[in-house]
Amino acid sequence: PPGTEKHNLYICPAGGEGLRNHLALRKHLRAHPEAAEAYGALKRRLAAEVPDIDAYVVAKTDLIVSFLRAEGIDEETLASIELANKALMP
């Protein structure tokens, strides 16, 4: 409705890889305040600059992958995340 903020909802099945990745990202951000600040700043900047959700996802990918790598997510999974997210590029 007019005058309300836009939101995007992402749902992950219990026990799925997507949920595992989201929880790993949350764990990293909670353990590393500087990472949380950098991630928040990036999200705010992108929200103001990018034209759509696909561009927003693509622009966050490298930073998210770096955090997931630091949390021990395997390289095959990271490559699949990069491939899926960057496939959204025009």
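As the structure is a computational prediction, the values presented were derived from the model and not from experiment.
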Distance in Å, Arg69 CZ paired with Asp74 CG, rounded so as to fall on 0.5 Å steps:
10.5 Å
Return the CD to CD1 distance between Glu17 and Ile73, rounded to the nearest 0.5 Å.
8.0 Å
Quick check: is Val65 connected to Leu88 through a chain of hydrophobic side chains (ILVMFWY, heavy atoms under 4.5 Å apart)?
yes
Straight-line distance of Leu78 CG to Thr61 OG1, nearest 0.5 Å
11.5 Å
How many angstroms lie between atom OH of Tyr39 and atom CD of Glu34, to the nearest 0.5 angstrom?
15.5 Å
Restricting to non-hydrogen atoms, name the atom on Cys12 and the atom on Gly18 that form the minimum distance, rounded to 0.1 Å.
SG-C, 3.8 Å
From the list Leu25, Thr77, Leu68, side-chain contact (heavy atoms from CB on, under 4.5 Å) partner of Arg20 resolves to Thr77
Here the pair of heavy atoms bringing Ala14 nearest to Leu19 is CA-CD2, 4.0 Å
Lys60 and Leu63: CA distance, side-chain angles, deciding distance, side-chain contact (heavy atoms from CB on, under 4.5 Å) verdict
CA-CA 6 Å; Lys60 295 189 318 173; Leu63 186 59; 5.9 Å; no
Take atom CD in Glu49; do more than 12 heavy atoms of anything else shown fall under 6.0 Å from it?
yes
For atom NZ of Lys86, is the number of surrounding heavy atoms from other residues, nucleotides or ligands below 6.0 Å larger than 12?
yes
Nearest heavy-atom pair of Glu71 and Ala24: which atoms, and what distance?
CG-O, 3.5 Å
Under a 4.5 Å side-chain heavy-atom rule over Ile, Leu, Val, Met, Phe, Trp and Tyr, are Ile53 and Met89 clustered together?
yes
Please test Glu82 against Asp62 for side-chain contact (heavy atoms from CB on, under 4.5 Å), starting from the C-alpha separation and ending with a verdict.
CA-CA 8 Å; Glu82 289 178 312; Asp62 290 340; 4.3 Å; yes
